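Note on naming: letters A, B, ... go to the chains in the order of the sequence lines (proteins, then strands), and numbering restarts at 1 for each one. Note that the coordinates shown come from a computational prediction; the quantities given were computed from them, not determined experimentally.
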Amino acid sequence: MDLVNIEIVLIEDNPHEAELTIRSLKKHNLANRLVHIDDGQDAMEFLFSTGKYENNIGMLNPKIILLDLKLPKVNGLEILKKIREDERTKHFPVVVLTSSKEESDVFESYKLGVNSYIVKPVNFESFTNAVTEIGLYWMLLNEPPAF
Amino acid sequence: MVKNRLTCVIMKIEFKHTKWSNYLFLIVIAISVTSLFGWLFDIEAFKRIFPDSVAMNPLTASCFIMSAFSFWLLTLKKNNSFYNLGGHALALLILFIGLLVVLSNLIGFNTRIDQLLFSSKISDEPTSYAYNRMSPNTAFCFVLTAIELFMLHYETKKRFVPYQFIAILVSLGALLTMIGYLYDFTILSEMPSYVPMAIHTSANFFLMSVALLFAYPDKGIMSTYTSRSSGGKLSRTFLLPLIALPVLMGMLYNFVRSKDLVSSSLTTLFLVYGIVIGFAALIYLYSYSLNKKENQKRKVEANLKESNERFKSIFEYAPDPMWLFDMNSLFFLEVNQKAIIRYGYTLDEFRKMRITDIRPKDEVPKVQEKIEIIRKNEKLTGSWKHQLRNDKLIDVEITYHKLEMDGQEQCLEIAKDVTERIKIEKQIKELNKELEAFTFSVAHDLRAPLRVIDGYAGVLKEDFTPVLDKEGMRLISIIASNARQMGQLIDDLLNLSRIGRASLKYSMVDIQTLVSSIVDEQKILFSEYNTAFFIGNIISVYCDGVLIKSVLTNLIANAIKYSRNEENPKVEIGSYVRENEVVYFVKDNGVGFDMNYADKLFGVFQRLHKATEFEGTGVGLAIVQRIVLKHDGHVWANAIKDEGATFYFSLPINYKND
């Protein structure tokens, strides 16, 4: 897929949760331009055009980044921090989508400039609804900055 | 130093004797003025006390008055040369008069100086001209008095005060005359060529001598007499009886002799015998009281020694290192056993060290700062580090107390070793952090697979309905509902652990309003049950509002849940004050529970009803209990099976303000 056209970046290490998320988005045709990354370090390389993604420089402009906090190697909060520090990625909308209800996580995320913090419900219907609403809101309702 | 302070106190008491000097001089003046009045208005009784006895010459009376003023001028302002000059001028005048009269008597030339005042009256005296003149011994006594006044402030290098000897001499002379009058004044009147001293003149001389002696009660021989020690007491006790007893016995002797009842030798025997017995009795009484006092003193000393030793051992065997140090030099003065053991220095080494020697180098500059604080505030507490002999650093909690000893500023320092405690506190903090990390991973890692289970069950249900039969669909529902149940369990457990770690945020909480808002919320959530709510008077209290809301929500939701199958479900909420606490209760008319299992109500995962009857995780009441216990309150419940349950919890009225 062409990097320029990527609308959703899903950073989630659990393949089954990722599958359920993607399935919910697909139902509403929101997952056509989605890329799924299942590793923290991989996510860093992808977002900041290093390592195997060296050639991506300046091409990425997603409408939403769905970020899990607990990830292998590099955790979600570190990724969020880096996104907000880098000129190229500073303006990307980031939604934390996680199992953690810990106040410290919520507080830290907002301090780092997250756009939204969603706790994944265990209940399947609630989960599907939540993911769908996120997708609809950021993909259709929200107006991203033009480049 | 202590001795000095004591002397100072004694001096203060002794110095009050100088007041006596002033009083005595006032009496002298009173007698003299009375006599002058006698001359002025011709009142014989004022001039001479007994008819036909010797009168006080007006010049004599004037000399007494001058002596008194000379004394006051010399003592009131010792360093004022003007006063001194006045005092000495008066003394000089007295000396001049005295010498003139003495010399005129010696060479037999009448200067008539003593007739200057009321000269007509003195020469017109009907009885005997000689009785009104100033006698040569009076004049001599004035000469001596003038010398005393000149030498009043003089003290030899060996701390002799010469004027005192002269004063004693004068007083003894005056005393002799007075005793003479007492026994038989006719002896003196039998010598017409000799002018005797009047009785009130001799009394005046006696009083004046005593007054002059008390001008410096703490100096020379007077110091022995006025001393607070037993010697002083002895002389004070015996001086008066020593004079009075023989004099009285002498009077008795004279009386008996004059009646001629018994022989003279027998009377003399009785005189001597009486004096011996009188003094023996006096000495016995004095010794008795002295012994009593000394025994008491010895007892006090023994008590003092004992308490001294008791405090010494408290200091020595105290469980924490303690020492005394000098606040100026900072040297150690006394160090207890524990300090010697803990710090590794011997007592002798300690005494050569300053308190800065057991502080790490970088903390030494702060010591002086602390010393200043102790000087101002008397005491100080704090925690810092001490360095042992082996250079090891330990954490200590310090208490300082300023003491005044021997006029020096000393400080008692108690150093509680808290190294171990601080180490354990650190470990606890680390453990808490670990626990937090653990609960986080539980939250995340356990919830994720549950979501996947429920998710995939959901996918099966949605996408494979055509291939699954009714039984298949039921099984999938069971999988999904159990996954959700477990999700709820995990959430409740996390909640419970969060409450355990949270610190209470106290404020005055309006619980009446809180209950109303909870009831309103619950009414919406459980509108299908038609529960009737009765809210009584709810007392406000200091507590953590957020947590107490959770308590009340749990109890009210439970009450609704367990009464929902009744025909007319009722929930009542109220409160009352009991001793130092407020009791809140939530009462329902539901299924109740078996009181035999009441102790299990508040345990985690403990349920008294089957999940098929009433859903729930068994964590709610555990949360209630944990919150109430954190507030130092209590929880309990009463119930009758099938008639309802009442849950109570109490909160202290006087909250801990920490």
Visitor: Which atoms of A:Asn14 come close to chain B, meaning under 4.5 Å heavy atom to heavy atom: side chain ones, backbone ones, both, or neither?
Guide: side chain
Visitor: Can you name the closest pair of heavy atoms from B:Arg451 and A:Pro121 and give their distance?
Guide: NE-O, 3.0 Å
Visitor: Return the minimal non-hydrogen interatomic distance between B:Leu450 and A:Val122, and the atom names on each side.
Guide: CB-CG1, 4.1 Å
Visitor: A:Asn123, A:Leu20, A:Thr128: which one forms the most heavy-atom pairs within less than 4.5 Å of chain B?
Guide: A:Asn123
Visitor: Could you tell me which portion of B:Ala483 (side chain, backbone, both or neither) has an atom closer than 4.5 angstrom to a non-hydrogen atom of chain A?
Guide: backbone
Visitor: Suppose a student defines contact as a heavy atom less than 4.5 Å from any heavy atom of chain A. Which residues in residues 461-470 of chain B would they list?
Guide: B:Glu462, B:Asp463
Visitor: Check this for me: A:Tyr110, atom OH, are more than 12 non-hydrogen atoms of other residues, nucleotides or ligands nearer than 6.0 Å?
Guide: yes
Visitor: Looking at every non-hydrogen atom in both residues, tell me the closest pair between A:Phe124 and B:Arg484 and how far apart they are.
Guide: N-NH2, 4.3 Å
Visitor: By side chain to side chain donor-acceptor pair (under 3.5 Å), which residues pair with B:Asp491, not counting sequence neighbours?
Guide: B:Arg447
